[in-house]
Amino acid sequence: MSAITKTLCPYCGVGCGLEAVDERSKEPEGFKVRGDRSHPSSQGMVCIKGASIAESIARDRLLYPQFRASLDDPFRRISWDEAFGLIVDKIQSTIATIGCDALCVYGSGQFQTEDYYVAQKLFKGCLGTNNFDANSRLCMSSAVSGYIKSFGSDGPPCCYDDLDLTDCAFIIGSNMAECHPILFNRLRKRHKKDANVKLIVVDPRCTQTAAVADLHLPILPGTDIHLLNGIAYLLWQWGKCDRAFIDRYTNGFAVFQSVIQDYPPEVVAKHCGITTEALEIAARYWANATNVLSLWSMGVNQSTQGTAKVESIVNLHLMTGQIGKPGAGPFSLTGQPNAMGGREAGGLAHLLPGYRSVLNPDHRAELEAFWQLPSGRISPHVGRVAGDIVRGLETGEVQLLWIAATNPAVSLPDLVRLKKALRRSPFTIYQDAYDPTETSAYAHLLLPATQWSEKTGIMTNSERRVTLCRSFQPPKGEAKHDWEIFAEVGRRLGFAAQFPFQNSSEVYAEFVQITRDRPCDHSGLSHELLDKEGPLQWPYPADREHHANVQESQRLYSDLQFHTPDRKARFGAYHGHGLAEPPDENYPYILTNGRLYGHWHTQTRTGRTDKICQMYPNPFLEIHPKDANKLGLQPEDFVLIKSVRGSAKLPILITEAIAPGVVFMPMHWGALWAEDAEINALTHSHADPDSKQPELKACAVSLEVIPKVTN
Ligand SMILES: Nc1nc2c(c(=O)[nH]1)N[C@H]1C(S)=C(S)[C@@H](COP(=O)(O)OP(=O)(O)OC[C@H]3O[C@@H](n4cnc5c(=O)[nH]c(N)nc54)[C@H](O)[C@@H]3O)O[C@H]1N2
Ligand SMILES: Nc1nc2c(c(=O)[nH]1)N[C@H]1C(S)=C(S)[C@@H](COP(=O)(O)OP(=O)(O)OC[C@H]3O[C@@H](n4cnc5c(=O)[nH]c(N)nc54)[C@H](O)[C@@H]3O)O[C@H]1N2
Ligand code: SF4
Ligand SMILES: [Mo]
């Protein structure tokens, strides 16, 4: 490797720039990392996850393809040639006997854009099935559908500079301090400096984010729409609506206005479990601020009303004209490092590359022509989303499942059911960087993938900034790049003309062409330009100098022209329906869950990082002192947590940070890292009707003390 390589942190959607520094004496990694001061999104800062990434890269890697005919057999090492032969045979025989709907791919926001693009071309294009979904279904899909409904297109409108310019940050369903720490630090710096800057946090828990807010609204889980409509009611009553903006740039206000009449402060406060005073302070902060910036994440998206929650946030911005200007707007904080790129490349079962939809005949025709495929090849139906893949395994309709860069045996809801379904799968391919993971136990064919540091490609962060992630190490063992694996399968299936790529730069050069004149226009970008100029934000059209400038890429909708047919944004009008599974007599507590600062998801990397494991020696259940008392729990006790679907056993942490009646556990401990501590053994799979995103954030549970064994 050259002495210093500039790249991107492969963990969260903040997308901090990293520099990998050659350090041969440091075994076994051979490099260390530090923040890249020249990266505009992070300006040299990194959190513990980015800073400690090197340690995990050399440990427990999957090095060779391996195969077994049955899940009860041991794996045996095979060659890539044999592996490709098996995949091609299975795909061909499945299509011949049942049809392409029996093939499913489940990918990840941890793919690079090139991986995503090649997979879309192969499955949605060449093979004619839209059965490509990704873990973004569990993550950002409500934000995607909310943006599309409100603005006519996906795409977070804001940028990180807005954190320095807002005078009211409205953080809802996001624990930024732990999950987007570098952005939170930036916001906090401004907040600390200027007493006029207000920070509101809406979260059932008093998180590290909420602890430093001017106003924490500890609403009951699932009551966000009541709260948002309640704030709208007050703004309307106080005459704080921007009528001129509403008339000129929006549709649907009248219906929205009639809906919010049902949300006077007394009703809302009671329903949300907060005081009317607190609600009024929140509305007052909104009303008095020049620029309001809303920031949200999984507390909003992971809900059976995720889309409606997103639209309800946008409603507040539309009624007050708080969008398209510095320091203001609705800003979803993307979870994974390249969930944004996945959306751009069409990596969900209802999407096609370039922010296109499988339901739009013009979009399908554009891609068929561009990919040189027969007209009508792309299916007009939405493919199987994550939940449908599970149902398809259960009914036998899914015969081949290809999982890549995600660990569903930990992260999908209702694991007892999922694991049963995975055991029924006739043929599961699992393409990952590590071995073991919880999901490898359900695979017939293991394919070793290169990961960060070994592959060059593109990732887009939350503020639409596109970074070239450079490789600086050779692949481990026989690992191949994800895009390379999909392309080789495509060639062997007879699509040599569609997959001529020699490297990821060529893949990207093709991808950007079909983003031309789309909202996510990348057509002026290339690996070469990004190498030379550093990270750049889209839209970045090819003839940029003629009709766009830096400001126009920095924020969307600064001209207040939206992507709807009449160019107006739309109000959505919703009533709050509450949780899909409210507590009852048998399961009287609401279990919520989420992340810890040091760990990443299913621990494939952070569980292999000593310092992080020392920070968090074990999983735990947060419980309010009142509930602990009621159950007779002592600080060292273990509880048995049960939902209708499954159970877990955890030591308790008594804390006032959680509301009475609600308990919290972290999501990070799958079967490899602790016994019986799986959050998703408990959760259900009811999903939002539009985004199909499951309500991972809440289910009903019972709690029992586990008696101490005394000798
Ligand atoms: N350290 C760390 N950082 C990460 C990740 C990680 O694994 N570790 N993962 C990344 C990814 S992929 C994602 S998606 C993001 C997630 O980032 P966040 O969404 O910020 O993280 P979570 O902890 O899952 O959930 C946020 C909060 O939602 C609250 N919540 C639960 N129910 C409700 C509700 O009904 N209403 C409201 N308003 N709030 C509710 C929870 O109490 C929790 O504090 O983090 C990213 N960053
Ligand atoms: N209860 C509950 N469940 C949740 C959530 C929650 O808040 N609560 N959050 C949901 C959300 S938002 C998310 S994003 C998901 C995350 O869930 P997962 O996607 O299952 O979690 P990760 O641990 O990030 O798994 C990523 C996998 O990709 C592999 N990998 C990394 N880089 C590469 C690469 O370049 N190529 C390949 N082929 N593999 C690679 C890693 O080794 C790892 O096994 O969990 C979801 N599940
Ligand atoms: S904030 Fe996110 S992108 Fe930045 S270093 Fe931490 S994990 Fe990486
Ligand atoms: Mo996520």
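Note that this is a predicted model, so its numbers are computed, not measured. In listed order, ligands and their atoms are each counted from 1.
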Pick one of side chain, backbone, both or neither for how [X] approaches ligand 1, counting any non-hydrogen atom pair under 4.0 Å.
X: Y11; value: neither
X: C139; value: side chain
X: M140; value: neither
X: K309; value: side chain
X: T209; value: neither
X: C12; value: side chain

Does atom CZ of R59 have more than 12 heavy-atom neighbours from other groups under 6.0 Å away?
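Yes, because the 6.0 Å sphere around CZ of R59 holds more than 12 heavy atoms from other groups.
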
Would you say [X]'s side chain and [Y]'s backbone share a donor-acceptor pair under 3.5 angstrom?
X: D162; Y: C159; result: yes
X: H216; Y: D203; result: yes
X: Q693; Y: S141; result: yes
X: Q305; Y: G222; result: no

Sort out for me which residue in L217, L279, T223 forms a side chain to side chain contact (heavy atoms under 4.5 Å, CB included) with C272.
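Between C272 and the candidates, side chain to side chain contact (heavy atoms under 4.5 Å, CB included) is satisfied uniquely by T223.
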
Please report which non-hydrogen protein atom sits nearest to [atom], along with the residue it belongs to and the distance in Å to one decimal place.
atom: atom 1 (S) of ligand 3; result: I182 CG1, 3.5 Å
atom: atom 35 (O) of ligand 1; result: G222 N, 2.7 Å
atom: atom 2 (Fe) of ligand 3; result: C12 SG, 2.3 Å
atom: atom 4 (Fe) of ligand 3; result: C16 SG, 2.3 Å
atom: atom 24 (O) of ligand 1; result: R595 NH1, 2.7 Å
atom: atom 8 (Fe) of ligand 3; result: C9 SG, 2.3 Å

I want to know if ligand 1 touches [X] in the polar sense, i.e. an N/O pair below 3.5 angstrom.
X: N593; answer: no
X: I172; answer: no
X: G335; answer: no
X: H599; answer: yes
X: H180; answer: no

Close approach, S42 and ligand 3, non-hydrogen under 4.0 angstrom:
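No, S42 has no heavy atom closer than 4.0 Å to ligand 3.
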
Which atoms of ligand 1 have any heavy atom of [X] under 4.0 Å away?
X: G594; answer: 22 (P), 23 (O), 24 (O)
X: Q336; answer: 12 (S)
X: H668; answer: 7 (O)
X: E178; answer: 1 (N), 2 (C), 3 (N)
X: T207; answer: 44 (O)
X: P204; answer: 30 (N), 32 (N), 33 (C), 37 (C), 39 (N), 40 (C)

Under 4.0 Å between a Lys/Arg side-chain N and an Asp/Glu carboxylate O for K309 and D688?
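No, K309 and D688 are not salt-bridged.
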
So does K692 pair up with D133, basic N to acidic O under 4.0 Å?
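Salt bridge: no.
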
Just checking, R137 and Y106: is the charged tip under 6.0 Å from the six-membered ring centre and within 45° of the axis?
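So R137 doesn't make the cation-pi contact.
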
Derivation and outcome, side-chain hydrogen bond (donor to acceptor under 3.5 Å, both in side chains), residues S174 and H180
CA-CA 9 Å; S174 158; H180 295 91; 4.7 Å; no

Specify the closest pair of heavy atoms between A134 and G347, including all atoms of both residues, with the distance to one decimal.
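Scanning both residues completely, I find the closest heavy atoms to be CB-O, 3.6 Å.
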
Quick one: which ligand 3 atoms are inside 4.0 Å of a heavy atom on G15?
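In order of numbering, the contacting atoms are 3 (S).
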
Evaluation steps, ring pair (Phe, Tyr, Trp, His ring centres under 6.0 Å), between F111 and Y116
CA-CA 6 Å; F111 274 161; Y116 262 117; 5.3 Å; yes

Is C47 close enough that one of its N/O/S atoms sits under 2.8 Å from atom 4 (Fe) of ligand 3?
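No N, O or S atom of C47 is closer than 2.8 Å to atom 4 (Fe) of ligand 3, so no.
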
